[in-house]
Amino acid sequence: RFNPSVNITSPGLFDELKGTVTITGTAVGENFASYRLQYGQGLNPTGWVLISESDQPVEAGTLAAWDTSGLGGLYAVQLIVIGADTRVETATTQVTVDNESPLIGLDFPLEGAELSLAEHPQIIFQPRVTDNLFVDSVEIWLDGRRLAFFDAPPFTTTWTARRGDHTLRVVARDRLGNQAALEVNFTVK
């Protein structure tokens, strides 16, 4: 149930976050003494880490800035308002934190590879892309031109080989915009 005196309005339930997040809401009450914001890992945390505490009431405003760097996964964020009569009111929301960029692997071609056009008239580019949560998109670029864009696996495209020096670039993003890139230089003779 929504308590007008004790609530977190942002981030919302199951929001996906990264970096430093502004937590907004209301921490007031008839006998307001102080409030504390904390977070814990999982849906029902067994331990809590303090984000901030204050003896100043906040009405529909900023409660704290939460630096989520180094965190990843599901977290509960809890607001605790303590009254002068030691009465305690709480509000909790669950969020997903993702500060990790996707990982990109590529078996072929390898950096510095020299390929024979006769043996490799067609080259299949098939990067392995993983993310701790969700891969949102993968782009495959060759020599500065985008060959392919994917928003779901498999991330595979075939190129009709041409002689010369080439630069293959794979760019992967997750839903929160965390990005990774892999560049491979190779030659076709």
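- Side-chain contact between Ser5 and Val81 is absent, with no heavy-atom pair separated by less than 4.5 Å.
- With sequence neighbours left out, the salt bridge (charged side-chain N to carboxylate O under 4.0 Å, His left out) criterion links Glu53 to no other residue.
- Taking every heavy atom of both residues into account, Val58 and Gly25 meet most closely at CG1-O, 3.7 Å.
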* To do: Walk me through it: do Ile124 and Thr156 pass the test side-chain contact (heavy atoms from CB on, under 4.5 Å)?
  => CA-CA 7 Å; Ile124 296 170; Thr156 303; 3.5 Å; yes

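- Residues Leu182 and Pro127 are not in side-chain contact: their nearest non-hydrogen atoms beyond the backbone lie 4.5 Å or more apart.
- Scanning both residues, Val129 and Ala172, for their nearest heavy atoms gives CG1-CB, 3.6 Å.
- For Glu30, the CD atom sits in a loose shell: 12 or fewer heavy atoms of surrounding residues, nucleotides or ligands are nearer than 6.0 Å.
- Put simply, Val170 and Phe134 are part of two different groups of oily side chains (I, L, V, M, F, W, Y) that touch within less than 4.5 Å, one to the next.
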* **Test side-chain contact (heavy atoms from CB on, under 4.5 Å) applied to Val135 and Phe150, step by step** => CA-CA 10 Å; Val135 174; Phe150 305 97; over 6 Å; no

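- Residue Arg145 holds its CZ atom at 14.0 Å from CD1 of Ile140, rounded to the nearest 0.5 Å.
- Of the inter-residue distances, the one linking Asn3 atom CG with Ile8 atom CD1 reads 11.5 Å to the nearest 0.5 angstrom.
- Residues satisfying the side chain to side chain contact (heavy atoms under 4.5 Å, CB included) criterion with Asp85, sequence neighbours excluded, are Asn31, Arg87.
- No side-chain heavy atom of His120 sits under 4.5 Å from any side-chain heavy atom of Val188.
- For the ring-ring contact (aromatic ring centres under 6.0 Å, His included) condition, the pairs that include at least one residue of residues 161-189, sequence neighbours left out, are Trp159-His166, His166-Phe186.
- Ser52 and Leu63 get closest at one heavy-atom pair: OG-O, 3.7 Å.
- Separation of atoms CD (Gln38) and CD1 (Ile51) is listed at 8.0 Å; rounding is to 0.5 Å.
- Looking at heavy atoms from C-beta onward, Thr96 lies out of side-chain contact with Arg175 at the 4.5 angstrom threshold.
- Side chain to side chain, Thr167 and Asn185 meet the donor-acceptor criterion of an N or O pair below 3.5 Å.
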Identify every side-chain donor-acceptor pair in residues 97-108 under 3.5 Å, counting partners at least two apart or on other chains, and give the distances.
unit_1 : atom_1 : unit_2 : atom_2 : d
Asp98  : OD1    : Glu100 : N      : 3.1
Asp98  : OD1    : Asn132 : ND2    : 3.4
Asn99  : OD1    : Gly19  : N      : 2.7
Asn99  : ND2    : Thr68  : O      : 2.7
Asn99  : ND2    : Thr68  : OG1    : 3.2
Asn99  : ND2    : Leu71  : O      : 3.2
Ser101 : OG     : Gln179 : O      : 3.1
Asp107 : OD1    : Arg128 : NH1    : 2.9
Asp107 : OD2    : Arg128 : NH1    : 3.0

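- Here the straight-line distance linking atom CG of Leu37 with atom OH of Tyr35 works out to 6.5 Å at 0.5 Å rounding.
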* Might you work through the side-chain contact (heavy atoms from CB on, under 4.5 Å) test for Asp143 and Arg162, ending with a clear yes or no? => CA-CA 11 Å; Asp143 302 331; Arg162 288 192 319 270; 4.2 Å; yes

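- A pairwise comparison of heavy atoms in Pro109 and Ala113 identifies CB-CB, 4.2 Å as the closest pair.
- A 4.5 Å side-chain heavy-atom check between Val6 and Leu79 finds at least one atom pair inside the cut-off.
- Screening residues 47-98 for ring-ring contact (aromatic ring centres under 6.0 Å, His included), with sequence neighbours left out, gives Tyr39-Trp66, Tyr39-Tyr75.
- Contacts of Arg173 classified as salt bridge (charged side-chain N to carboxylate O under 4.0 Å, His left out), with partners at least two apart in sequence or in another chain: Glu139.
- Note on Phe155: it does not cluster hydrophobically with Val171, by side-chain heavy-atom contacts below 4.5 Å among ILVMFWY residues.
- Put simply, Val184 and Phe125 are part of the same group of oily side chains (I, L, V, M, F, W, Y) that touch within less than 4.5 Å, one to the next.
- Hydrophobic clustering of Ile, Leu, Val, Met, Phe, Trp and Tyr side chains at less than 4.5 Å, counting indirect connections, keeps Ile80 apart from Val77.
- Interatomic distance, Asn178 CG to Asp136 CG, rounded to the nearest 0.5 Å: 11.0 Å.
- If you chain together hydrophobic residues whose side chains sit under 4.5 Å apart, Val21 and Val49 fall into the same group.
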* **Derivation and outcome, side-chain contact (heavy atoms from CB on, under 4.5 Å), residues Leu133 and Asp174** => CA-CA 8 Å; Leu133 295 170; Asp174 68 15; over 6 Å; no

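- Rounding to the nearest 0.5 Å places OG1 of Thr93 at 11.5 Å from CD of Gln78.
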